[in-house]
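Report on the structure given below.
The analysis underlying the following values was restricted to heavy atoms, covering all of them including side chains, and did not include hydrogens, waters or symmetry mates.
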Amino acid sequence: LRAVPNLLVIRPCDANETRWAWQTAIEQRDRPTALVLTRQNVPTLDRAIFAPAERLRRGAYVLNPSDEGKEPDVILIASGSEVALIVAAEPILRKAKVNARLVSMPSWRLFEEQTVEYRQSVLPRAVTARLAVEAASPFGWERWTGLEGVIIGIDRFGASAPSSHLF
């Protein structure tokens, strides 16, 4: 869907982001919007711990705000149901003394529309250790991971099973 010209694609990670995705969709006057929702039972992130879901309006944002201002060792990027996976990975990395920035990226197009300064604040060029996770084709994620980044995706079509089995 991201390849369709002028289509705003939003893939929210939880109920909070879905509320803001819906609001963003109904405010669009010059382009159609596709809300890509999951069948998975995803957790609703505690926004007292994680950044406000309203930041979805910027396309991508740093989920772990206590990390803002610190140079991360690695940036973990995900959209939709896979945000829960990077959230689960962060304490494991922290225990290994790896400072991981978590980025929810529900809309590439909204993120592209932000200022260079904002995009740089979320994905600083200096941090080349990046991992993107999405249960879809990895096509296009290299734009956000860079040449040294890694993309975990699904490169086949038609698999249907519980997410734990597919992953």
Side-chain angles (χ1 to χ4, degrees), residues 1-3 8-21 23-24 36 38 40 42-155 163-164 166-167:
L1 290 175
R2 291 182 183 123
L8 177 61
V9 177
I10 306 174
R11 189 168 184 255
C13 74
D14 67 358
N16 295 311
E17 279 194 2
T18 300
R19 179 251 189 255
W20 286 103
Q23 180 71 33
T24 301
V36 181
T38 183
Q40 308 303 325
V42 297
T44 300
L45 299 179
D46 181 350
R47 296 305 170 145
I49 297 169
F50 297 101
E54 182 178 3
R55 293 185 184 179
L56 167 137
R57 292 173 165 281
R58 300 194 88 175
Y61 62 100
V62 178
L63 270 173
N64 47 344
S66 62
D67 176 63
E68 289 178 315
K70 295 180 190 174
E71 183 81 4
D73 299 314
V74 63
I75 300 174
L76 306 180
I77 314 164
S79 73
S81 54
E82 290 73 54
V83 169
L85 297 174
I86 66 169
V87 166
E90 193 274 335
I92 296 165
L93 292 169
R94 186 176 349 110
K95 193 172 183 178
K97 305 219 184 306
V98 175
N99 180 23
R101 171 173 290 179
L102 306 179
V103 173
S104 176
M105 187 176 271
S107 177
W108 293 4
R109 186 140 313 166
L110 289 174
F111 190 60
E112 290 165 349
E113 293 170 358
Q114 302 308 307
T115 65
V116 171
E117 293 78 22
Y118 177 76
R119 292 193 315 258
Q120 175 75 13
S121 74
V122 175
L123 300 175
R125 273 187 210 99
V127 182
T128 58
R130 298 179 183 188
L131 171 71
V133 183
E134 188 174 59
S137 169
F139 178 75
W141 275 104
E142 62 279 351
R143 177 167 186 196
W144 311 113
T145 61
L147 296 175
E148 297 177 37
V150 174
I151 305 161
I152 297 174
I154 297 178
D155 59 358
S163 61
S164 59
L166 291 175
F167 286 129

Taking only residues two or more places apart in sequence or in another chain, which ones pass side-chain hydrogen bond (donor to acceptor under 3.5 Å, both in side chains) with E54?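 Partners of E54 under the side-chain hydrogen bond (donor to acceptor under 3.5 Å, both in side chains) test: none.
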
Results of side-chain hydrogen bond (donor to acceptor under 3.5 Å, both in side chains) for E148 - residues two or more places apart only: T128

Measuring from [X]:[atom1] to [Y]:[atom2], what's the distance to the nearest 0.5 Å?
X    : Y    : atom1 : atom2 : answer
L8   : S107 : CG    : OG    : 4.5 Å
L76  : L93  : CG    : CG    : 6.0 Å
S104 : N64  : OG    : CG    : 11.5 Å
D73  : R101 : CG    : CZ    : 11.0 Å
I92  : R94  : CD1   : CZ    : 10.5 Å
I152 : W141 : CD1   : CH2   : 12.0 Å

Ion pair check, E134 and R2, cut-off under 4.0 Å: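 Salt bridge between E134 and R2, a charged N being under 4.0 Å from a carboxylate O: yes.
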
Is R57 paired with E113 through a side-chain N to carboxylate O contact shorter than 4.0 Å? no

Mind checking what makes side-chain contact (heavy atoms from CB on, under 4.5 Å) contact with [X], not counting sequence neighbours?
X    : value
V36  : L1, V9, R11
T145 : R130, A132, E142, I151
R47  : C13, D14, N16, E17, L45, F50, A53, Y61, L63
R119 : F111, Q114, V116

Show your working on side-chain contact (heavy atoms from CB on, under 4.5 Å) between V87 and L102 and close with a plain yes or no. CA-CA 7 Å; V87 166; L102 306 179; 4.2 Å; yes

Does the side chain of [X] reach to within under 4.5 Å of the side chain of [Y], using non-hydrogen atoms?
X   : Y   : value
E90 : N99 : no
I86 : I77 : no
R19 : P12 : no

Using the side-chain contact (heavy atoms from CB on, under 4.5 Å) rule, take L110 and R58 through it: C-alpha gap first, then chi angles, then the decisive distance, then the call. CA-CA 6 Å; L110 289 174; R58 300 194 88 175; over 6 Å; no

Begin from the C-alpha positions of E112 and R143 and carry the test salt bridge (charged side-chain N to carboxylate O under 4.0 Å, His left out) through to its verdict. CA-CA 11 Å; E112 290 165 349; R143 177 167 186 196; 2.4 Å; yes

Locate the shortest heavy-atom distance separating I75 from P124; write the atom from each residue and the value. CD1-CD, 3.7 Å

Which heavy atom in A15 sits nearest to a heavy atom in T44, and how many Å separate them? CB-OG1, 4.0 Å

